[in-house]
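Take a look at the structure set out below.
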Amino acid sequence: MDTTVHLPGLTLKNPIIPASGTFGYGLEFARYGDLRRLGAICVKGLSLKPREGNPMPRIAETPCGMLNSIGLQNVGVEVFLQQKLPFLPPEVPIIANLYAQSPEEFAELAGVLGAEERIAALEVNVSCPNVRRGGVQFGQDPEALQTVTRAVVAAAQGKPVIVKLSPNVTDITAMARAAEAAGATMLSLINTLTGMAVDIRTRAPRLATGTGGLSGPAIKPVALRMVHAVCRAVDIPVIGMGGIVSAEDVLEFILVGASAVQVGTASFMRPDRVFTLVDEVQALAETLGIGAWEEFRGCLKEVSR
Amino acid sequence: MNTTQLTVQAVTPGPDPSIVDLTLAPVPWKPKPGQFVMLRPANFGQELTWGRPFSIYRCDEAGLRVVFQVIGRGTERLAALRPGDAVTVWGPLGRGFSTKPETPTLFLAGGIGLAAFGLFAEDPFRLPQAQLLFGHRLPLTAYPIYHEMAQRIPSEAMRQTSGADIEAFSEELSRRIKALGPQGLVLCCGPTPMLRAVARLCLEHGVPGQVSLENRMGCGVGACLGCVATTASGERVQTCVHGPVFDVRALTWD
Ligand SMILES: Cc1cc2nc3c(=O)[nH]c(=O)nc-3n(C[C@H](O)[C@H](O)[C@H](O)COP(=O)(O)OP(=O)(O)OC[C@H]3O[C@@H](n4cnc5c(N)ncnc54)[C@H](O)[C@@H]3O)c2cc1C
Ligand SMILES: Cc1cc2nc3c(=O)[nH]c(=O)nc-3n(C[C@H](O)[C@H](O)[C@H](O)COP(=O)(O)O)c2cc1C
Ligand code: FES
């Protein structure tokens, strides 16, 4: 089958995109598979200036998942553009994930990245639970979300803008509608769920920051529910993620309405996972007799209650 | 491709069952001393997320050998593997030790950190002037690999079960490092307090030293930023790709 996914301003060979923060700057995985085979690559969240992130320990394993409080450690946009981006294969669309502490700073960052020919789209991270300023505070208030979204859309030089939503809200569809109304080209969800792990022997939290973001198979049912709800609430395309590790998982997200998916923690389970998923998804779609994504996407039978 | 599916050849609990010797084959690559692998057995399923990092104790026709201590849910599952079981392996990973044949080299191992020096014993002529000092808590018989290594490298073991033993071991570390002098080289792998003490002694006596950090790792490939160490210049670098072995002068020790 033809696995191509057509999104506004962005065409993917297939629906598989490594998720921001779990695939480094892409280059880390070049020895584990052919980067050109991926639908796109979403790189580690970038800020205007380099960030050193949170203190250690900043990761903890939990049943069927993990907690992280990396705190958006990154090399900064300049180093990324000069030392990382040129080494990524030109055939694969690169999605830059943005983090900033104010709408003005978001706009500045979007301007720098929007001007870069090699960047195919911008993903606005208003949903990181692990930073004190910015991050999720923009993702939990519809008005703040609209201000940031408008600022990024205005500065993005016509590049598609994906707004990445936080699950740590009462009604994610309200946030989705707010982002859509502010001009977002697409939405992506979910970011991590705030969680905690403690050690009864040391009587200390397992993360230096106390709490962190939960990801991995443990969050998939929550993610699926939210993607399903958001796909029904908005008219713009949705990229789904949260706990995807298998081809079945990918098709589940597409069935509830996602146009493409991002795969995060699965790349830690084994570094070649996104590459093998590309083939497995195609094979499974063919086995199920799916001829084109549009005849399957969003075709979940409605429940009556 | 650097991710391979290997098959368990043998899982051998030692005289102390908490120390297990695991052999996987066939291995398509050749590692350097100090490098490590990530292991993720098929029986981890989705319940356990990460692979687990282990030093490469041996790597030859017989396969890849790692020797580990059972301390939590991952190593418990590894200890329960059976011959024929499938294990996903990525590696060899990280930067290993950097040594020169003519340098008098002192290996300092604490507990299961001993496994990090196994590849040196494979070819003792690589470092003809090497010596090993092994600090341990379990009885020495719990570490069959110590006896394997001691046949090839001049070795001495010291057990610590009391505060006085720990003090005696610290004094011996200090004496040996001082005696080695700036022309020598210290390589250390063991618990963090030991790494810290050894690094301080190396810096104090002007002796070149390298330590292997055992930070908790999520991915092993530099992507998750969960394993970072702080360098002397204040930068946070991934232990899995910039290490696990670092020059003692390259890190902050406070
Ligand atoms: C480069 C490297 C090489 C290593 N080589 C060896 C080796 O050759 N033999 C060996 O026995 N062990 C080695 N280790 C340590 C080994 O990886 C851990 O003991 C193992 O991952 C623990 O897994 P678990 O699931 O049993 O523990 P978990 O259930 O995850 O944790 C149980 C306890 O162990 C602690 N712990 C978790 N991860 C580590 C870690 N990386 N280091 C120390 N303590 C940890 C936790 O804080 C917790 O208290 C190495 C670690 C690194 C980073
Ligand atoms: C270690 C780690 C770092 C992450 N860093 C970022 C980031 O920089 N920007 C971002 O938008 N999301 C980040 N995320 C969230 C993921 O992109 C993804 O939304 C989340 O992990 C859920 O997907 P998964 O269950 O497939 O991992 C990070 C997740 C993890 C585990
Ligand atoms: S273990 Fe993931 S960056 Fe080192």
Side-chain angles (χ1 to χ4, degrees), chain A residues 18-19 21-34 43-45 50-75 206-207 212 214-218 220 243 245-246 249 264-273 275-276, chain B residues 1-6 29 37-42 44-53 71-75 77 86-94 192 213-231 233-242 251-252:
Chain A
T22 62
F23 207 65
Y25 301 102
L27 303 165
E28 290 84 345
F29 287 82
R31 60 193 276 212
Y32 297 97
D34 185 350
V43 297
K44 174 71 196 163
R51 284 177 59 92
E52 66 168 25
N54 289 333
M56 294 279 284
R58 27 156 108 163
I59 53 172
E61 200 186 48
T62 60
C64 302
M66 64 178 278
L67 288 165
N68 90 80
S69 63
I70 307 302
L72 294 171
Q73 177 177 340
N74 77 95
V75 296
R206 288 188 189 270
L207 298 177
L214 182 65
S215 64
K220 200 189 82 179
V245 300
S246 69
D249 295 338
T265 303
S267 292
F268 303 162
M269 297 171 93
R270 50 181 295 166
D272 60 352
R273 192 64 192 118
F275 304 101
T276 52
Chain B
M1 202 70 119
N2 280 58
T3 321
T4 42
Q5 201 77 7
L6 303 191
W29 34 254
V37 284
M38 294 289 285
L39 303 186
R40 194 173 189 287
F44 274 17
Q46 291 194 4
E47 205 239 309
L48 301 191
T49 301
W50 307 326
R52 295 294 190 271
I71 60 163
R73 43 186 212 148
T75 45
R77 294 250 193 130
V87 177
T88 303
V89 180
W90 54 108
L93 300 167
T192 310
L213 302 188
E214 293 203 347
N215 291 5
R216 175 159 326 168
M217 292 183 179
C219 66
V221 305
C224 72
L225 298 171
C227 69
V228 297
T230 308
T231 65
S233 60
E235 201 189 344
R236 292 208 169 124
V237 296
Q238 300 96 314
T239 305
C240 59
V241 290
H242 294 266
L251 298 175
T252 16

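Quick caveat: nothing in here was measured; it's all calculated off a predicted structure. The chains referred to below are lettered A, B, ... by the order of the sequence lines, with proteins before strands, and numbering in each begins at 1. The basis for the numbers below is simple: all heavy atoms, side chains too, and nothing from hydrogens, waters or symmetry mates.
- Under the 4.5 Å side-chain criterion, counting only non-hydrogen atoms from C-beta, B:Glu235 is not in contact with A:Pro50.
- Looking at B:Arg236, its side chain does come within 3.5 Å of a backbone N or O of A:Asn54 through a donor-acceptor pair.
- Shortest non-hydrogen contact noted between A:Thr22 and B:Ala223 is O-CB, 4.0 Å.
- Of all the listed residues (A:Ala218, A:Gly65, A:Ala266, A:Gly216), the one sharing the greatest number of non-hydrogen pairs under 4.5 Å with chain B is A:Gly65.
- Looking only at side-chain heavy atoms (C-beta outward), A:Lys44 and B:Leu225 come within less than 4.5 Å of each other.
- With hydrogens and angles ignored, the 3.5 Å screen pairs no side-chain donor or acceptor of A:Glu28 with any backbone N or O of B:Val221.
- In this structure, A:Thr62 and B:Thr49 approach most closely via the heavy-atom pair O-OG1, 4.2 Å.
- With chain B as partner, the option from A:Cys64, A:Gly243, A:Gly24, A:Ser246 having the largest number of non-hydrogen pairs under 4.5 angstrom is A:Cys64.
- A pairwise comparison of heavy atoms in B:Leu48 and A:Met269 identifies O-CE, 4.1 Å as the closest pair.
- Listed options A:Glu61, A:Glu52, A:Met56 were ranked by heavy-atom pairs under 4.5 angstrom with chain B; first place goes to A:Glu61.
- Rounding to the nearest 0.5 Å places CZ of A:Arg270 at 6.0 Å from OG1 of B:Thr3.
- Highest contact tally toward chain A, considering only B:Met217, B:Arg52, B:Gln238, is held by B:Arg52 [criterion: heavy-atom pairs under 4.5 Å].
- The candidate with the highest count of non-hydrogen atom pairs below 4.5 Å against chain B, out of A:Pro63, A:Gly21, A:Pro57, A:Ser267, is A:Pro63.
- For A:Phe29, the part sitting under 4.5 Å from any heavy atom of chain B is the side chain, from C-beta outward, and nothing else.
- B:Arg216 and A:Ile59 make their closest contact through NH1-O, 3.8 Å (heavy atoms, listed as atom of the first residue, atom of the second, distance).
- The closest side-chain heavy-atom distance from A:Lys220 to B:Gln46 is not below 4.5 Å.
- Chain A forms the most heavy-atom pairs under 4.5 Å with one residue out of B:Trp90, B:Trp50, B:Phe44, and that residue is B:Trp50.
- The closest side-chain heavy-atom distance from A:Arg58 to B:Val228 is below 4.5 Å.
- Chain A forms more heavy-atom pairs under 4.5 Å with one residue of B:Gly222, B:Cys224, B:Gly218 than with any other, namely B:Cys224.
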